[in-house]
Amino acid sequence: MATPSQRFSLTWVLNLFGTAVGAGVLFLPINAGMGGFYPLIVMTLLVGPMTYLAHRGLTRFVLSSKNKGSDITSVVREHFGERAGKLITLLYFFAIFPILLIYGVGITNTVSSFMENQLAITPPPRVVLSFILIALMIGVMLLNEEVMLKITTWLVYPLVLILFGLSVYLIPQWNTAALQQMPTTGDFLTTLWLTIPVLVFAFNHSPAISSFALSQQKHYQDEIKAEIESGKVLRSTACILVLFVMFFVFSCVLTLTPAELAEAKAQNISILSYLANKFDNPIISYFGPFVAFLAIGSSFFGHYLGAREGLEGLVNQMRQEPIESSKFRKITAVTFLVILWIVATINPSILGFIESLGGPIIAMILFIMPVYAVYKVPALARFKSEFGQIFVFIMGCVAISAIVYGLL
């Protein structure tokens, strides 16, 4: 029988997993697998430690405040001063909020397409459908933390099961085409370099880290205990992300040839849509939208927490008297609902570009800032000697350089 603390930890493992696994997981096998099978092995070996160490560093940073209950925006201000605090809070908000816009559009498109193509019914007008879906997701965020975490957990269980089920389902279709593609050393390293950001953001759960750290602090009432237990949760999250997501990626890559992956990329469709078309398989075509719906729903909640925190930090830094947190939650809910509803109704095509611009900022906040803080903040100085600091800093620089190169 699991203890309350074990259940608490499991809930957060699933919540962080859900935050990381957005609808982008359906494009990950195409983006990560196009370079062939062998770079994918190295990526798998790197992405687990990268994910765990970077998120642990950010969690430690949030927990390093001398004021209990301080979120990431307050901790940044405390350690780096008012001006730098405002800048980092602004960047933090603008790195996360555009992803919410993408999810608002994505959930509307997914449900509309599912109703039209799989259920053969006419969906309601886009303006009505988008409002209902976004209002439902934001409504969940207004519930208390315990209920909200339970709902995200319920979304993640079927997501994990379906991802694993589809990975196993594809095994009879595996072929050796990907194994026969032997890249040159230059191509191998270039593929690795350009794919690292794809993996970083496919496994990124940093928007929920501040809420996670504060929840651990509140639950354990002891900084050292919260730090140790949060480390265990993050290690478990990284392990199940590598196990389930990379198994799905490998299964898809071994099912398709490199030419077919390139064709899927050119068609700009998800891996499940391509597989459904290739095998003329109704099971895969039904599960595709369902996985996308679960992934968007579970990831939305973590990103909403981060965006709300960033906006609250920005607004309160410009006021003499901070707005009460419970009141701000309602203000944020209405503001986000209106903006997401308008964007989802318009359905603009520039959202991918906005997301890619947020990439370098997320990499800086997740990889570079916590390492810098270890050498700058006395409360974190005890972590200076850890080898992981150098590894995280190097991988952060690699990710940022590859993103910038991709934008040029």
Side-chain angles (χ1 to χ4, degrees), residues 9-33 39-59 96 99 103 149 152-168 192 195-209 211-213 216 229-253 270-272 291-292 294-303 305-306 359 362-363 366-367 388 391-392 395-396 399:
S9 294
L10 176 63
T11 302
W12 267 110
V13 167
L14 293 167
N15 189 262
L16 295 175
F17 178 92
T19 301
V21 181
V25 74
L26 300 182
F27 291 88
L28 182 61
I30 299 167
N31 293 327
L40 205 53
I41 293 173
V42 179
M43 290 173 210
T44 306
L45 295 173
L46 286 174
V47 78
M50 276 167 59
T51 303
Y52 165 59
L53 293 171
H55 289 87
R56 186 184 67 176
L58 191 59
T59 305
I96 297 170
I99 300 170
Y103 286 157
L149 286 174
T152 52
T153 304
W154 293 337
L155 288 176
V156 174
Y157 276 125
L159 180 61
V160 170
L161 287 171
I162 294 168
L163 272 183
F164 183 71
L166 286 169
S167 306
V168 173
L192 207 55
T195 313
I196 278 173
V198 176
L199 290 170
V200 165
F201 300 117
F203 285 34
N204 171 42
H205 39 283
S206 64
I209 285 295
S211 298
F212 161 69
Q216 298 289 310
E229 294 302 322
S230 62
K232 290 177 185 174
V233 170
L234 292 168
R235 194 160 51 242
S236 300
T237 304
C239 286
I240 67 163
L241 276 167
V242 172
L243 181 65
F244 288 101
V245 176
M246 293 313 290
F247 180 34
F248 176 67
V249 170
F250 273 105
S251 197
C252 293
V253 168
S270 78
I271 192 74
L272 291 184
V291 171
L294 291 170
I296 291 169
S298 63
S299 196
F300 178 90
F301 299 133
H303 285 82
L305 288 172
I362 292 173
L366 180 58
F367 285 82
F391 175 72
V392 169
M395 296 316 291

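Note: hydrogens, waters and symmetry copies are ignored here, and every other heavy atom, side chains too, is used.
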Roughly how far, to the nearest 0.5 Å, is the OG atom of S206 from the CD1 atom of I96? 5.5 Å

Please examine the side chains of L166 and V291, heavy atoms only from C-beta on, and report whether any two atoms are closer than 4.5 Å. yes

Ignoring hydrogens and geometry, is there a side-chain-to-backbone donor-acceptor pair from S298 to A295 under 3.5 Å? yes

Which atoms form the tightest heavy-atom contact between V156 and G18, and what is the distance? CG2-CA, 3.6 Å

Tell me, do T44 and F250 make a side-chain contact under 4.5 Å, heavy atoms counted? yes

Interatomic distance, R56 atom CZ to K232 atom NZ [nearest 0.5 angstrom]: 13.5 Å

Taking the side chain as C-beta and beyond, is there a heavy-atom pair between Y52 and T237 under 4.5 Å? no

When rounded to the nearest 0.5 angstrom, what is the spacing between CE in M246 and CD1 in I41? 10.0 Å

Rounded to the nearest 0.5 Å, the CD1 atom of I362 sits from the CZ atom of F201 at a distance of 5.5 Å

Between the CG atom in L16 and the CD1 atom in I209, the distance rounded to the nearest 0.5 Å is 5.5 Å

Relative to the ring of F247, is the ring of F164 parallel (under 30°), tilted (30 to 60°) or perpendicular (over 60°)? tilted

Separation of L159 CG from L163 CG (nearest 0.5 Å): 5.0 Å

Taking the side chain as everything from C-beta on, heavy atoms only, tell me whether V242 gets closer than 4.5 Å to V47. yes

What closest approach, in Å, do S167 and S251 show between heavy atoms, and which atom pair accounts for it? O-OG, 2.6 Å

side-chain contact (heavy atoms from CB on, under 4.5 Å) for L241 and F17? Distances and angles first, verdict last. CA-CA 7 Å; L241 276 167; F17 178 92; 3.6 Å; yes

Is the shortest heavy-atom distance from the side chain of V245 to the side chain of F203 under 4.5 Å? yes

Taking all non-hydrogen atoms of both residues, which atom of S270 and which atom of F27 are closest, and how far apart? N-CE2, 3.6 Å

Evaluation steps, side-chain contact (heavy atoms from CB on, under 4.5 Å), between I99 and F300: CA-CA 8 Å; I99 300 170; F300 178 90; over 6 Å; no

Contact check, side chains of M50 and V392, non-hydrogen atoms, under 4.5 Å: no

For the residue pair F212 and V233, establish whether any side-chain heavy-atom pair is separated by less than 4.5 Å. yes

Specify the closest pair of heavy atoms between G33 and V253, including all atoms of both residues, with the distance to one decimal. CA-CG2, 3.6 Å

Run the side-chain contact (heavy atoms from CB on, under 4.5 Å) check on L155 and F301 step by step: do they pass? CA-CA 11 Å; L155 288 176; F301 299 133; 3.5 Å; yes

Y103 to G22 - nearest heavy-atom pair and separation: OH-CA, 3.5 Å

Got V249 and M43 here, is their nearest side-chain heavy-atom distance under 4.5 Å? no

Please check if the side chain of T19 supplies one atom and the backbone of H205 the other of a donor-acceptor pair under 3.5 Å. no

Pair H55-N204, side-chain contact (heavy atoms from CB on, under 4.5 Å): steps then yes or no: CA-CA 8 Å; H55 289 87; N204 171 42; 3.7 Å; yes

Answer yes or no: is there a donor N or O on one side and an acceptor on the other, between the side chain of T152 and the main chain of L149, under 3.5 Å? yes

